[in-house]
There are 2 protein chains.
Amino acid sequence: MNYITILQNHNLKVTPQRLEIVDILYKNGHINIDDLYKSLQSKFPSLSLATIYKNINTMCEKLFLSEVKIPHKKNVYELSKKEHSHVICSKCNTIIDINLDISTILNKAKQISKFNLNTSSIVFNGICPNCLDKKENLS
Amino acid sequence: MNYITILQNHNLKVTPQRLEIVDILYKNGHINIDDLYKSLQSKFPSLSLATIYKNINTMCEKLFLSEVKIPHKKNVYELSKKEHSHVICSKCNTIIDINLDISTILNKAKQISKFNLNTSSIVFNGICPNCLDKKENLS
DNA sequence: CTGACTGCAAACGTTTTGCACGGTA
DNA sequence: TACCGTGCAAAACGTTTGCAGTCAG
């Protein structure tokens with residue numbers, strides 16, 4: 001399914017700005033508002049931050065965009081997909097998705113809390129292989 | 001260890017405002033800036049938001065206060081303790097701490113990501129027992 | 001007594017809103 | 001053509017800063 005269809009399926013008009021926003025989200029995976037704005041400037045010099053905010057908000061409402069909160073970082077956005085966890089490098093801020101089987105801890109959490117749980121938000125923090133290499137080279 | 005000692009150990013002067021902030025944090029567990037401000041108004045009618053922000057920030061820097069990011073909610077703050085997970089009710093916003101053994105998924109995450117991971121942030125979302133009861137009474 | 005803390009006001013950065021124009025369907 | 005989306009400017013919001021007066025140690 002391409003971007004055009006995705007937009008149309010959610011009753012959103014297909015504008016060049018929107019197509020590029022979705023394209024950047026698709027290619028980047030996770031991006032914050034500022035970086036998204038910077039990425040769009042070359043193609044749309046007159047594009048305004050207001051447009052980005054309006055689009056991000058409507059896309060989040062339509063649920064095909066998700067907001068991800070990372071401790072001590074700005075919120076990032078990603079195209080919605082099957083629930084997954086995030087791993088972030090505290091040096092270079094690279095974020096990757098990982099699929100974990102969380103059924104065991106989810107059940108444990110239900111049991112302990114007595115809550116009826118449905119969603120989870122899991123972020124691991126550490127250093128990515130790239131930054132680990134750099135560190136070793138320094139010493 | 002009481003609040004006074006905690007503050008002194010971190011080279012912070014013991015002011016009535018600070019004592020009350022720590023007391024509220026201790027009793028509430030998790031609170032956002034606005035609610036903290038409201039809770040303080042009765043005791044300190046002239047207390048300013050700036051004071052709260054300054055205190056929260058210094059206490060976070062001194063690492064005896066932690067910021068918790070909850071999806072689609074304002075950040076909340078809690079007195080630092082051993083790493084733990086959070087469960088939040090999407091109806092009434094009650095937040096509780098739970099201790100889970102996350103070593104299995106942490107190892108799996110390390111293995112998949114090749115990152116050197118150290119901290120994690122885990123939030124489960126659902127409905128608390130209280131709100132579940134209310135729902136049943138309605139039907 | 002001295003440095004740190006408070007409270008006020010102003011400044012700042014981010015996000016939202018209103019409106020006129022332009023583009024999509 | 002009708003409506004939705006864009007871009008600009010202004011407004012709103014949350015947070016930070018500077019400063020003068022006050023308080024804790």
Side-chain angles (χ1 to χ4, degrees), chain A residues 2-25 31-62 64-77, chain B residues 2-25 31-62 64-77:
Chain A
N2 60 27
Y3 312 150
I4 298 181
T5 320
I6 296 179
L7 291 172
Q8 286 171 340
N9 284 351
H10 291 86
N11 300 312
L12 297 178
K13 298 209 163 167
V14 178
T15 67
Q17 291 89 337
R18 274 197 184 138
L19 273 179
E20 186 67 13
I21 290 175
V22 178
D23 190 51
I24 290 174
L25 283 164
I31 196 164
N32 65 40
I33 298 286
D34 277 356
D35 291 343
L36 182 57
Y37 184 50
K38 284 175 202 148
S39 304
L40 287 160
Q41 299 233 313
S42 53
K43 207 162 200 166
F44 302 97
S46 66
L47 179 131
S48 80
L49 261 174
T51 300
I52 294 185
Y53 279 109
K54 284 171 190 166
N55 275 312
I56 293 293
N57 287 342
T58 54
M59 288 157 83
C60 282
E61 280 157 25
K62 304 277 185 177
F64 74 95
L65 197 65
S66 308
E67 191 182 74
V68 183
K69 292 200 169 193
I70 311 276
H72 310 112
K73 308 281 176 189
K74 292 180 189 167
N75 294 346
V76 297
Y77 297 87
Chain B
N2 60 27
Y3 313 149
I4 297 181
T5 320
I6 296 179
L7 291 172
Q8 286 170 342
N9 284 351
H10 291 86
N11 300 313
L12 297 178
K13 299 209 164 169
V14 179
T15 67
Q17 292 89 337
R18 271 195 188 139
L19 272 180
E20 186 67 12
I21 289 175
V22 178
D23 189 50
I24 290 174
L25 283 163
I31 196 163
N32 67 39
I33 298 287
D34 278 356
D35 291 343
L36 182 56
Y37 184 51
K38 283 174 203 151
S39 304
L40 288 160
Q41 299 234 313
S42 53
K43 208 161 196 167
F44 303 97
S46 66
L47 178 130
S48 79
L49 260 174
T51 301
I52 294 186
Y53 279 109
K54 284 170 191 167
N55 275 312
I56 293 293
N57 288 341
T58 53
M59 287 158 84
C60 281
E61 280 157 25
K62 304 277 187 178
F64 74 95
L65 197 65
S66 308
E67 190 182 74
V68 183
K69 291 200 168 193
I70 311 276
H72 310 112
K73 307 280 175 191
K74 292 179 190 168
N75 294 346
V76 297
Y77 298 86

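Bear in mind the structure is a predicted one, so any value in this text is a computation, not a measurement. In what follows, chains are A, B, ... by sequence order, proteins preceding strands, each numbered from 1.
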- [ ] Determine which pairs satisfy salt bridge (charged side-chain N to carboxylate O under 4.0 Å, His left out) with at least one residue from residues 64-75 of chain B, sequence neighbours left out, and list them in order.
- [x]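 For residues 64-75 of chain B: B:D34-B:K74.
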Task: Atom pair NZ/CG of A:K62 and A:N55 - distance to nearest 0.5 Å - done: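 Reported to 0.5 Å precision, the distance equals 11.5 Å.
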Open item on the list: Let me confirm one number: the CG-OG distance from A:L47 to A:S42, rounded to the nearest 0.5 Å.
Closed with: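 Those atoms lie 10.5 Å apart.
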Would you indicate, yes or no, if [N] has its OP1 or OP2 atom less than 4.0 angstrom from a side-chain nitrogen or oxygen of [X]?
X	N	result
B:S46	C:dG7	yes
A:N57	C:dT16	yes
A:S48	D:dT6	no

Open item on the list: Quick one, A:L12 and A:F64 - any side-chain contact, counting heavy atoms below 4.5 Å?
Closed with: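 Heavy-atom side-chain distance check passes, below 4.5 Å.
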Between [atom2] of [N] and [atom1] of [X], the distance in whole Å:
X	N	atom1	atom2	result
A:Q41	D:dG7	CD	C1'	13 Å
A:L49	C:dG13	CG	P	13 Å
A:Q8	D:dC4	CD	P	16 Å
B:I4	D:dG25	CD1	C1'	13 Å
A:I21	D:dT6	CD1	C1'	11 Å
B:K38	D:dG14	NZ	P	10 Å
A:I52	C:dT14	CD1	C1'	13 Å
B:K73	D:dG14	NZ	C1'	19 Å

Open item on the list: Run A:R18 and A:K13 through side chain to side chain contact (heavy atoms under 4.5 Å, CB included) and show every step you take.
Closed with: CA-CA 8 Å; A:R18 274 197 184 138; A:K13 298 209 163 167; 4.2 Å; yes
Task: side chain to side chain contact (heavy atoms under 4.5 Å, CB included) partners of B:D35, counting only residues at least two apart - done: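 Testing B:D35 for side chain to side chain contact (heavy atoms under 4.5 Å, CB included), a comparison that skips the adjacent residues, returns B:I31, B:N32, B:K38.
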- [ ] Go through residues 11-19 of chain A and report each residue with a non-hydrogen atom lying under 4.0 Å from DNA chain D, sorted by number.
- [x]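 A:L12, A:K13, A:T15, A:Q17, A:R18 - these, ordered by number, are the residues of the stretch whose heavy atoms sit under 4.0 Å from the strand.
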Open item on the list: Looking at every heavy atom in both A:E20 and A:K43, which two are closest together, and how far apart are they?
Closed with: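 Closest pair (atom of A:E20, atom of A:K43, distance): OE1-NZ, 3.0 Å.
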- [ ] Between B:K74 and B:K54, just flag the one whose closest nucleotide in DNA chain D comes earlier from the 5' side.
- [x]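 Its nearest nucleotide being more 5', the pick is B:K74.
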Open item on the list: Can you identify which nucleotide, out of C:dT6, D:dA9, C:dA9, has its nearest atom closest to the B:A50 side chain?
Closed with: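 Within the option list, the nearest is C:dA9.
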